*Asks:* 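Please read through the structure below; I'll follow up with questions.
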There are 2 protein chains.
Amino acid sequence: MRLLDAETALADAPPGHKDELRLWLRLLTCTNLIEAEIRRRLRAEFDTTLPRFDLLAQLERHPGGLTLGEISRRMMVSNGNVTGLAARLEEEGLVERRVSATDRRAQSLRLTAKGRREFARQSSAHEGWVAELLGGLSLPEREALQRLLGRAKASVRSGLQEVGA
Amino acid sequence: MRLLDAETALADAPPGHKDELRLWLRLLTCTNLIEAEIRRRLRAEFDTTLPRFDLLAQLERHPGGLTLGEISRRMMVSNGNVTGLAARLEEEGLVERRVSATDRRAQSLRLTAKGRREFARQSSAHEGWVAELLGGLSLPEREALQRLLGRAKASVRSGLQEVGA
DNA sequence: CCGGGATAGTTTAGGCTTCAACTATTTTCC
DNA sequence: GGAAAATAGTTGAAGCCTAAACTATCCCGG
């Protein structure tokens, strides 16, 4: 009986969502702080951008090449976005495109030798930056955070499902 | 949004990646998932964008008005960015500008009545969305996450200091 | 074989964002 | 008072990003 009352009371209570909102704002602040710093350093030290770096990272993980469509899905950005990004990277000589032998609509992208060299430098610096920025957390803290963020991710995904994407 | 898939891909990657990197990728994934959904809903339900919403939120918190420079600092974006944002919001009749009486360089922005009405609608929906998306976490989980993100923020800030901002 | 639907990619219009150069004004300080 | 430095804001060039319309190609069923 008590429990039922508590539940009812909770349902009737004014929407006290401030708590979740504060959590979201802190999550956002934290991510933006790190992301802005990484963008800044990519620019300052390698004269490149995060999207370019991300695209190269995809290709690095798939030495056999990826089609623009696959890249677009993996990076979760629009098709047209990848078109432009690929064009700039190609112009810089970091990637090369080859029309598919079996499907004349498709073309696959892969790193050039220069692209591989360049990404290797960037990637190793990037890893160091992240380690440096998050290095103030102890190992147990990092583990706990990793776990809780996993829980948050699951919560969000189930929130998206409900709406029936 | 960008590195969403990177976290998954990291599982396949050869070992030697620091766990800080994995933590960063999960943080990014989590934030981008939520942010993308909020942008989507702002667009679908209110035909607006996150930056516009954020600017209105700043003005809502400061009924006396804010100068463009103050807004730029609070939103942590460039001056020129705010110029354009403010111009669009003014054109939509949501904000109004007034040149400062004491400093002819400065102008302060404040919400119009329409802006206040509009933001009230958006804000209340927004709060509900966030609560819905993060609702899968228990209260203790949310508290722990809030605390750990605070620690992460502190770690990042001290990382920035070192470089001598 | 052929018509229609699906798929790969490009283009376009428009918004967001930065940096750097610029104008206008205020403040500092000699 | 007046020159120099600081500050408020705008502008322009360039990149990032999306949605929607478009072209080209492929594939499937009749």
Side-chain angles (χ1 to χ4, degrees), chain A residues 28 32 35-56 58 65-92 94-95 97-109, chain B residues 1-4 28 32 35-56 58 65-92 94-95 97-109:
Chain A
L28 191 54
N32 285 344
E35 191 173 325
E37 182 63 12
I38 289 177
R39 284 181 194 272
R40 203 184 61 70
R41 295 188 189 188
L42 279 175
R43 181 177 209 285
E45 299 194 16
F46 299 107
D47 192 27
T48 189
T49 66
L50 195 46
R52 278 167 162 93
F53 176 79
D54 289 346
L55 200 160
L56 295 184
Q58 292 297 334
L66 288 172
T67 67
L68 297 195
E70 283 166 341
I71 293 171
S72 144
R73 277 187 294 277
R74 283 170 199 278
M75 293 177 68
M76 304 205 44
V77 300
S78 69
N79 246 338
N81 191 345
V82 175
T83 293
L85 226 33
R88 283 183 288 270
L89 288 171
E90 188 182 20
E91 188 171 357
E92 292 173 28
L94 301 178
V95 309
R97 38 199 341 148
R98 214 161 15 112
V99 173
S100 160
T102 63
D103 184 342
R104 274 184 302 168
R105 291 168 306 176
Q107 46 192 283
S108 77
L109 239 57
Chain B
M1 201 158 207
R2 222 158 308 89
L3 270 170
L4 266 183
L28 192 53
N32 286 343
E35 191 173 325
E37 182 63 12
I38 288 177
R39 284 181 194 272
R40 203 184 61 71
R41 294 190 189 185
L42 279 175
R43 180 178 209 286
E45 299 194 17
F46 299 108
D47 190 27
T48 190
T49 66
L50 195 46
R52 277 168 163 93
F53 176 78
D54 287 346
L55 201 160
L56 295 185
Q58 291 297 334
L66 288 173
T67 67
L68 298 195
E70 284 166 341
I71 292 171
S72 144
R73 276 186 294 278
R74 284 170 201 279
M75 292 177 69
M76 301 205 294
V77 299
S78 70
N79 247 338
N81 192 346
V82 175
T83 294
L85 228 33
R88 284 183 288 271
L89 287 171
E90 188 181 21
E91 188 171 356
E92 291 172 29
L94 301 177
V95 309
R97 41 204 331 154
R98 212 157 20 107
V99 173
S100 159
T102 63
D103 184 342
R104 275 185 301 169
R105 291 169 306 178
Q107 46 192 285
S108 78
L109 241 57

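Both backbone and side-chain heavy atoms feed into the values below; hydrogens, waters and symmetry mates do not. Only a predicted model underlies this, so the values are computations on that prediction, with no experimental measurement involved. Here is the naming used below: chain letters follow the sequence lines, and residue numbers restart at 1 for every chain.
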*Asks:* Between atom CZ in A:Arg98 and atom C1' in C:dA8, what is the gap in whole Å?
*Replies:* 17 Å
*Asks:* Classify the nucleic acid contact of A:Ser72 as base, sugar-phosphate or nothing, counting any heavy atom under 4.0 Å across all strands shown.
*Replies:* nothing
*Asks:* To the nearest Å, how far apart are A:Ile71 CD1 and C:dG9 P?
*Replies:* 9 Å
*Asks:* Checking contacts here: which listed nucleotide (D:dA19, C:dG9, C:dT18) is nearest the side-chain heavy atoms of B:Ser78?
*Replies:* C:dT18
*Asks:* Report which part of the nucleic acid B:Gly69 touches: base, sugar-phosphate, or nothing (heavy-atom distance under 4.0 Å, all strands).
*Replies:* sugar-phosphate
*Asks:* Any idea which of D:dT18, C:dG15, C:dC19 is nearest the A:Arg43 side chain?
*Replies:* C:dC19
*Asks:* Find the distance A:Asp47:CG to C:dA20:C1' and express it as a whole number of Å.
*Replies:* 15 Å
*Asks:* Report the residue (B:Ala106 or A:Arg88) whose heavy-atom-nearest nucleotide on DNA chain D is the more 5′ of the two.
*Replies:* B:Ala106
*Asks:* So what does A:Thr67 touch, heavy atoms closer than 4.0 Å: a base, only the sugar-phosphate, or nothing?
*Replies:* sugar-phosphate
*Asks:* Calculate the interatomic distance between B:Asn79 atom CG and C:dC19 atom P; express it in whole Å.
*Replies:* 11 Å
*Asks:* Measure distances between side-chain N and O atoms of B:Arg105 and base N and O atoms of C:dT26, and say whether any donor-acceptor pair falls under 3.5 Å.
*Replies:* no
*Asks:* Of A:Asp54, A:Val82, A:Val77, which is the lone residue that meets side-chain contact (heavy atoms from CB on, under 4.5 Å) with A:Ile71?
*Replies:* A:Val82
*Asks:* Rounded to the nearest angstrom, tell me the gap between atom CG in A:Leu109 and atom P in C:dA8.
*Replies:* 15 Å
*Asks:* For the side chain of B:Leu68, starting at C-beta, report the closest nucleotide among D:dG9, C:dG15, D:dG15.
*Replies:* D:dG9
*Asks:* Quick one about A:Gln58 and A:Arg74 (side-chain donor to acceptor, distance below 3.5 Å, no hydrogens or angles considered), yes or no?
*Replies:* no
*Asks:* When you get a sec, tell me which of C:dT10, D:dC16, C:dT18 is the closest nucleotide to the side chain of A:Thr49?
*Replies:* D:dC16
*Asks:* To the nearest Å, give me how far apart CG (A:Leu50) and P (D:dC17) are.
*Replies:* 8 Å
*Asks:* Quick check on C:dC16: is either OP1 or OP2 less than 4.0 Å from any side-chain nitrogen or oxygen of B:Arg52?
*Replies:* yes
*Asks:* Does the pair B:Glu92/B:Arg88 count as a salt bridge with the N-to-O cut at 4.0 Å?
*Replies:* no
*Asks:* Mind checking if A:Arg97 touches a base, just sugar-phosphate, or nothing, with heavy atoms under 4.0 Å?
*Replies:* sugar-phosphate
*Asks:* Does a salt bridge link A:Arg73 with A:Glu70, judged by any charged N lying under 4.0 Å from a carboxylate O?
*Replies:* no
*Asks:* Which whole-number value in Å describes the distance from A:Asp54 CG to D:dG15 P?
*Replies:* 18 Å
*Asks:* Got B:Phe53 and B:Leu50 here, is their nearest side-chain heavy-atom distance under 4.5 Å?
*Replies:* yes
*Asks:* So, using side-chain contact (heavy atoms from CB on, under 4.5 Å) as the criterion, who are the partners of B:Glu45 when residues are at least two apart?
*Replies:* B:Trp129
*Asks:* Under 4.0 Å, heavy atoms only, any strand: does A:Leu85 hit a base, just the sugar-phosphate, or nothing?
*Replies:* sugar-phosphate
*Asks:* Starting at the 5' end of DNA chain D, which residue's closest nucleotide do you reach first, B:Arg73 or B:Asn81?
*Replies:* B:Arg73
*Asks:* DNA chain C: B:Arg104 or A:Thr83, which has the more 5' nearest nucleotide?
*Replies:* A:Thr83
*Asks:* Give the rounded distance in Å between these two atoms: CD of B:Gln107 and C1' of C:dT26.
*Replies:* 16 Å
*Asks:* Check every atom of C:dG9, D:dG9, D:dC26 against the side chain of A:Asp103 and return the nucleotide holding the closest atom.
*Replies:* D:dC26
